[in-house]
Novice: 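Please read through the structure below; I'll follow up with questions.
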Amino acid sequence: MPLGHIMRLDLERIALEYVVPCLHDIGFCYLDNFLGEVVGDCVLERVKRMHRDGELADGQLAGPSRGVAKRHLRGDQIKINYFTICIFQAMVACYPGNGTGYVRHVDNPNGDGRCITCIYYLNKNWDSKLHGGILRIFPEGKSYVADVEPIFDRLLFFWSDRRNPHEVQPSYATRYAMTVWYFDAEERAEAKKKFRNLT
């Protein structure tokens with residue numbers, strides 16, 4: 001049996017037996033040692049090259065201030081890849097380690113189609129007490145917050161809508177992550193239709 005087929009079966013099992021139940025129960029979950037050291041290192045090297053080669057630009061705000069860079073609110077540098085299939089969108093992000101973070105926000109506050117946020121962390125030897133950079137989730141209707149350390153080869157899942165406001169606390173070392181948003185096809189189509197009607 002081809003390795004790709006085995007891996008797909010394992011990922012489907014993990015999704016059905018762990019990820020989906022966690023999302024429904026608490027709104028988020030994470031998997032450590034997701035890709036393994038070798039593959040994770042390859043991803044990290046590619047992201048570092050993008051950063052070094054100047055492929056990343058200052059993160060922009062959405063909503064009323066759309067397209068505006070305000071480093072005190074959002075201090076990351078990013079590159080977004082839009083996929084024409086529109087089932088997902090990917091972004092590489094780097095917080096340069098100068099104490100910048102990203103204030104509390106929601107990835108999909110206005111029904112743009114994003115339903116699940118997945119973040120893959122690429123930070124080796126990360127010490128949150130020293131480096132900061134924790135992702136803090138404020139699950140809607142819960143009496144607690146969830147602090148997620150951005151450690152190497154960790155994959156985080158959470159709902160993209162108002163159920164999971166979150167923030168990136170200030171980072172004092174270079175912090176890399178890759179984010180993928182999975183879309184609800186109907187909500188995405190409706191959002192595109194609304195946008196076309198506005199222009």
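As a basis for the values below, the full set of heavy atoms in this structure was taken, side chains included, without hydrogen atoms, waters or symmetry mates. One-based numbering along the sequence shown.
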Novice: Considering residues at least two apart in sequence or located in another chain, which fulfil the side chain to side chain contact (heavy atoms under 4.5 Å, CB included) criterion with Asn125?
Specialist: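 By the side chain to side chain contact (heavy atoms under 4.5 Å, CB included) rule, Asn125 matches no residue at all.
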Novice: Compile the donor-acceptor pairs under 3.5 Å between side chains in residues 142-150 and protein atoms, sequence neighbours left out, one pair per line.
Specialist:
| residue | atom | partner | partner atom | Å |
| --- | --- | --- | --- | --- |
| Asp147 | OD1 | Arg136 | NE | 2.6 |
| Asp147 | OD1 | Arg136 | NH2 | 3.4 |
| Asp147 | OD2 | Arg136 | NH2 | 2.8 |
| Glu149 | OE1 | Ser128 | OG | 2.9 |

Novice: Report the residues that fulfil side chain to side chain contact (heavy atoms under 4.5 Å, CB included) with Cys29, sequence neighbours left out, ordered by chain and then residue number.
Specialist: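 Partners of Cys29 by the side chain to side chain contact (heavy atoms under 4.5 Å, CB included) criterion, ordered by chain and then number, come out as Tyr18, Val19, Cys22, Phe157.
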Novice: Taking side chain to side chain contact (heavy atoms under 4.5 Å, CB included) as the definition, give me every residue that meets it alongside Ala173, ordered by chain and number, with sequence neighbours left out.
Specialist: Trp126, His131
Novice: If Ile, Leu, Val, Met, Phe, Trp and Tyr residues are connected whenever their side-chain heavy atoms lie under 4.5 Å apart, and connections chain through other members, are Ile134 and Ile26 in the same group?
Specialist: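 Different hydrophobic clusters.
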Novice: Go through Tyr120 and Thr179 one step at a time and tell me if the side chain to side chain contact (heavy atoms under 4.5 Å, CB included) criterion holds.
Specialist: CA-CA 6 Å; Tyr120 181 65; Thr179 302; over 6 Å; no
Novice: I want to check something: taking the side chain as every heavy atom from C-beta on, are His51 and Glu55 in contact at a cut-off of under 4.5 Å?
Specialist: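 Answer no - side chains too far apart.
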Novice: Find out if a path of hydrophobic residues (ILVMFWY) with successive side-chain heavy-atom gaps under 4.5 Å connects Leu44 to Leu31.
Specialist: yes
Novice: Locate the shortest heavy-atom distance separating Val47 from Tyr176; write the atom from each residue and the value.
Specialist: CG1-CD2, 3.4 Å
Novice: Do Val43 and Met178 come within less than 4.5 Å of each other through their side chains, counting heavy atoms only?
Specialist: yes
Novice: Using every non-hydrogen atom in the two residues, find where Gly99 and Pro170 come nearest and quote the distance to one decimal.
Specialist: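 For Gly99 and Pro170, the tightest heavy-atom pair comes out as O-CB, 3.2 Å.
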Novice: What residues join Val20 in its hydrophobic cluster, counting side-chain heavy atom gaps under 4.5 Å, either direct or through other members?
Specialist: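 For Val20, no cluster forms, as it stays isolated from other hydrophobic side chains.
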Novice: For Asp112, enumerate each residue passing the salt bridge (charged side-chain N to carboxylate O under 4.0 Å, His left out) test, keeping only those at least two apart in sequence or located in another chain.
Specialist: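 Testing Asp112 for salt bridge (charged side-chain N to carboxylate O under 4.0 Å, His left out), a comparison that skips the adjacent residues, returns Arg114.
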Novice: Where do Thr100 and Ser171 land on the side chain to side chain contact (heavy atoms under 4.5 Å, CB included) test, with the steps shown first?
Specialist: CA-CA 6 Å; Thr100 58; Ser171 297; 5.6 Å; no
Novice: Between the main-chain N or O of Gly113 and the side-chain N or O of Glu187, is there a donor-acceptor pair closer than 3.5 Å?
Specialist: yes
Novice: Heavy atoms only: give me the nearest Phe34-Leu11 pair and the separation to one decimal.
Specialist: CE1-CD2, 3.8 Å
Novice: Which residues pass the salt bridge (charged side-chain N to carboxylate O under 4.0 Å, His left out) test with Arg162, sequence neighbours left out?
Specialist: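 Per chain and number, Arg162 pairs via salt bridge (charged side-chain N to carboxylate O under 4.0 Å, His left out) with no residue.
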Novice: Which residues pass the side chain to side chain contact (heavy atoms under 4.5 Å, CB included) test with Asp25, sequence neighbours left out?
Specialist: none
Novice: Please tell me whether Tyr95 and Tyr172 are part of a single hydrophobic cluster in this structure, the criterion being side-chain heavy atoms less than 4.5 Å apart.
Specialist: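 Cluster IDs for Tyr95 and Tyr172 differ.
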Novice: If you measure from CZ on Phe28 to CG on Leu156, what distance do you get to the nearest 0.5 Å?
Specialist: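 Phe28 atom CZ to Leu156 atom CG measures 8.0 Å (nearest 0.5 Å).
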Novice: Any side-chain heavy-atom pair from Val168 and Arg175 closer than 4.5 angstrom?
Specialist: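 Of all side-chain heavy-atom pairs linking Arg175 with Val168, at least one is under 4.5 Å.
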Novice: State, yes or no, whether a side-chain contact exists between Tyr121 and Leu155 at a heavy-atom distance under 4.5 Å.
Specialist: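 A side-chain contact under 4.5 Å is absent here.
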Novice: In the hydrophobic clustering (ILVMFWY, side-chain contacts below 4.5 Å, transitive), which residues join Val106, or is it alone?
Specialist: none
Novice: Hydrophobic clustering (ILVMFWY, side-chain heavy atoms < 4.5 Å, transitive) - are Leu35 and Phe152 grouped together?
Specialist: yes
Novice: Would Arg104 pass as a cation-pi partner of Phe138, given that its NZ or CZ must be under 6.0 Å from the six-membered ring centre and within 45 degrees of the axis?
Specialist: yes
Novice: Stepwise, does the side chain to side chain contact (heavy atoms under 4.5 Å, CB included) test hold for Thr117 with Trp181?
Specialist: CA-CA 5 Å; Thr117 300; Trp181 290 278; 3.1 Å; yes
Novice: Per the side chain to side chain donor-acceptor pair (under 3.5 Å) rule, what does the pair list look like for residues 33-42, sequence neighbours excluded?
Specialist: Glu37-Lys124, Asp41-Lys124
Novice: May I have the step-by-step check of side chain to side chain contact (heavy atoms under 4.5 Å, CB included) for Phe158 and Ile116, ending in yes or no?
Specialist: CA-CA 6 Å; Phe158 58 90; Ile116 297 174; over 6 Å; no
Novice: Would you sort out whether Tyr102 and His166 count as a side chain to side chain donor-acceptor pair (under 3.5 Å), showing the intermediate values?
Specialist: CA-CA 9 Å; Tyr102 194 165; His166 56 283; over 6 Å; no
Novice: Does the Asp153 side chain pair with the main chain of Gly36, one donor and one acceptor, at a distance under 3.5 Å?
Specialist: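 It does hold such a pair.
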Novice: Could you tell me whether the side chain of Asn108 and the main chain of Ser160 form a donor-acceptor pair under 3.5 Å?
Specialist: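 Judged by distance alone, no pair lies under 3.5 Å.
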Novice: Is the backbone N or O of Gly27 less than 3.5 Å from a side-chain atom of Asn164, with the two atoms forming a donor-acceptor pair by type?
Specialist: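 Yes, the answer is positive, given that a donor and an acceptor are paired below the 3.5 Å cut-off.
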Novice: Would you check if the side chain of Trp159 reaches a backbone N or O of Leu23 as a donor-acceptor pair within less than 3.5 Å?
Specialist: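 Checking the backbone N and O of Leu23 against the side chain of Trp159, a donor-acceptor pair under 3.5 Å is found.
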Novice: State which residues pass salt bridge (charged side-chain N to carboxylate O under 4.0 Å, His left out) with Asp127; sequence neighbours excluded, sorted by chain then number.
Specialist: none
Novice: Sequence neighbours left out, what passes salt bridge (charged side-chain N to carboxylate O under 4.0 Å, His left out) with Glu17? Give chain and number order.
Specialist: Arg13
